[in-house]
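Dropping a structure here in structure tokens format, bear with me for questions.
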Amino acid sequence: MAVRLDQERVGASSMAEQLLRNIGPIVLLGPPGAGKGTQSKRITQHYRIPQVSTGDLLREHVKQATTLGVQVRDIIDRGDLVPDHLVCDIVAWRLREPDAQRGFILDGFPRTQVQAVWLDAFLKFEFFEKAIWACWLPIVVRIQVDYNKLLLRITGRRICPACGRIYNVHSQPPLVDEICDVDSAKLVVRDDDREQVIRERLAAYERQTKPVAEHYQRLNRVVQVNGDLPVDQVTSLILEAIDGSTRSVAGSKN
Ligand code: AMP
């Protein structure tokens with residue numbers, strides 16, 4: 001019993017620590033299918049910071065048929081990138097929300113060098129110059145996965161339309177084929193996960209995102225993680241990298 005109470009106390013204090021600590025900006029880089037969505041959700045739960053996925057934000061606009069949604073629907077369906085200024089606007093709007101002040105995970109952004117340069121300037125102005133954070137540059141976690149494994153992963157991806165939970169028929173299948181474990185909804189394939197769109201998405205990633213990784217490599221902010229490893233192991237490596245990096249930022253402040 002005493003042991004259990006001690007464990008509960010440790011659990012409670014580390015949860016309180018996570019709630020108080022400034023984590024700062026985290027960028028997850030990786031091609032479609034690298035597991036960014038899954039890992040983002042896990043990091044979010046661990047540090048209690050929001051996940052900001054530009055893909056999700058854009059899809060929500062499309063679903064609600066907002067002016068932006070109508071503007072970008074065809075671009076997303078083709079697997080092309082949405083123009084930088086439109087994506088930067090929705091990111092700025094989202095990062096000014098109160099829940100993002102301790103930090104956030106950017107999933108799917110920045111995807112081009114223009115977006116990366118914009119992000120650095122935005123974070124410096126919004127968080128460093130207002131004395132909210134000691135360092136504005138993001139920790140960039142780069143998840144790397146073999147190309148053929150990526151194709152297999154993406155074609156196996158299924159999403160629950162009701163709760164948003166992500167499955168994979170190869171690596172993380174639901175208990176019952178094509179049915180969500182949580183709410184029994186029939187799982188769906190995202191429109192842009194269909195075979196003909198995938199190659200274009202991977203090509204767009206290669207063409208445009210490499211300069212983003214290089215940009216942050218020059219700033220010494222990139223941590224490489226092997227995304228071919230089992231999903232739990234990838235999570236542990238990412239959390240270690242973030243803890244190491246936020247500690248070194250806190251240390252350099254003193
Ligand atoms: P994702 O869910 O991150 O794979 O994004 C789905 C689609 O949304 C992409 O194929 C793009 O059309 C669009 N998109 C998401 N994030 C960005 C971004 N940072 N820049 C441009 N387009 C984006």
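Just so we're clear, the structure is a prediction, and the values are computed from it rather than from any experiment. As the structure lists them, so they are numbered: ligands from 1, and atoms in each ligand from 1. Positions are given from 1, in the same order as the sequence printed here.
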Q. Leu28 versus Ile43: any side-chain heavy-atom pair under 4.5 Å?
A.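 Answer yes - side chains close enough.
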Q.
Quick test of your reading of the structure: of Glu200, Arg111, Lys36, Gln115, whose heavy atom lies closest to atom 3 (O) of ligand 1?
A.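 The residue whose heavy atom sits nearest atom 3 (O) of ligand 1 is Arg111.
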Q) Using the ring of each side chain (for Trp, its six-membered ring), is Phe122 parallel, tilted or perpendicular to Phe127, with breaks at 30° and 60°? A)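 Ring orientation, 0 to 90° scale: perpendicular.
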Q) What protein heavy atom sits nearest atom 12 (O) of ligand 1, and how far off is it? A)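 Protein heavy atom at minimum distance: Asp80 O, 2.5 Å.
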**Q.** Nearest protein heavy atom with distance in Å, relative to atom 4 (O) of ligand 1
**A.**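 Checked against all protein heavy atoms, atom 4 (O) of ligand 1 sits closest to Arg201 NH2, 2.8 Å.
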Q. Quick one: do Glu200 and Arg78 make a salt bridge, cutoff under 4.0 Å?
A.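 Result for this pair is no, no salt bridge flagged.
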(Q) Can you tell me which portion of Val87 lies within the under-4.0 Å heavy-atom range of ligand 1? Options are side chain, backbone, both, or neither. (A)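 Within the 4.0 Å criterion, Val87 contacts ligand 1 through side-chain atoms alone.
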(Q) Just to confirm my output: which protein heavy-atom neighbour is closest to atom 16 (N) of ligand 1, and how far is it? (A)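 Going by distance alone, atom 16 (N) of ligand 1 is nearest to Thr54 OG1, 2.8 Å.
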(Q) Counting only heavy atoms not in Asp74 (residues, nucleotides, ligands), do more than 12 fall under 6.0 Å from its CG? (A)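 Yes - once you tally the heavy atoms of other residues, nucleotides and ligands closer than 6.0 Å, there are more than 12.
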Q) For ligand 1, does Leu58 get within less than 4.0 Å through its side chain, its backbone, both, or neither, judged by non-hydrogen atoms? A)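 Just the side chain.
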Q: Determine the interplanar angle of the Phe109 and Trp118 rings, folded into 0 to 90°, and report it as parallel if under 30°, tilted if 30 to 60°, perpendicular if over 60°.
A: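 Phe109 and Trp118: perpendicular rings.
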**Q.** Protein contact of atom 19 (N) of ligand 1 - nearest heavy atom, named by residue and atom, plus distance
**A.**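 Checked against all protein heavy atoms, atom 19 (N) of ligand 1 sits closest to Gly108 O, 2.8 Å.
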Q) Hey, is Arg78 one of the residues with a heavy atom under 4.0 angstrom from ligand 1? A)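 No, Arg78 has no heavy atoms under 4.0 Å from ligand 1.
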**Q.** Numbering as shown, the atoms of ligand 1 that approach Arg190 to under 4.0 Å (heavy-atom distance)
**A.**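 The list of qualifying atoms is 2 (O), 4 (O).
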Q.
Set out, in order, the CA-CA distance, both residues' side-chain angles and the distance that settles salt bridge (Lys or Arg N to Asp or Glu O under 4.0 Å) for Arg218 and Glu214, then state yes or no.
A. CA-CA 6 Å; Arg218 281 193 293 278; Glu214 283 163 9; 5.0 Å; no
Q: Heavy atoms only: give me the nearest Leu123-Pro138 pair and the separation to one decimal.
A: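 The answer is CD1-CD, 4.2 Å.
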Q. Using heavy atoms and a threshold below 4.0 Å, how should the contact between Val72 and ligand 1 be classified: side chain, backbone, both, or neither?
A.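 Neither; nothing of Val72 gets under 4.0 Å from ligand 1.
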Q. Of the non-hydrogen atoms in Pro110 and Ala116, which two are nearest, and what is the gap between them?
A.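 Taking Pro110 first and Ala116 second, the nearest heavy atoms are CB-N, 3.5 Å.
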Q) What residue and heavy atom of the protein are closest to atom 22 (N) of ligand 1, and at what distance? A)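 Protein heavy atom at minimum distance: Val82 N, 3.0 Å.
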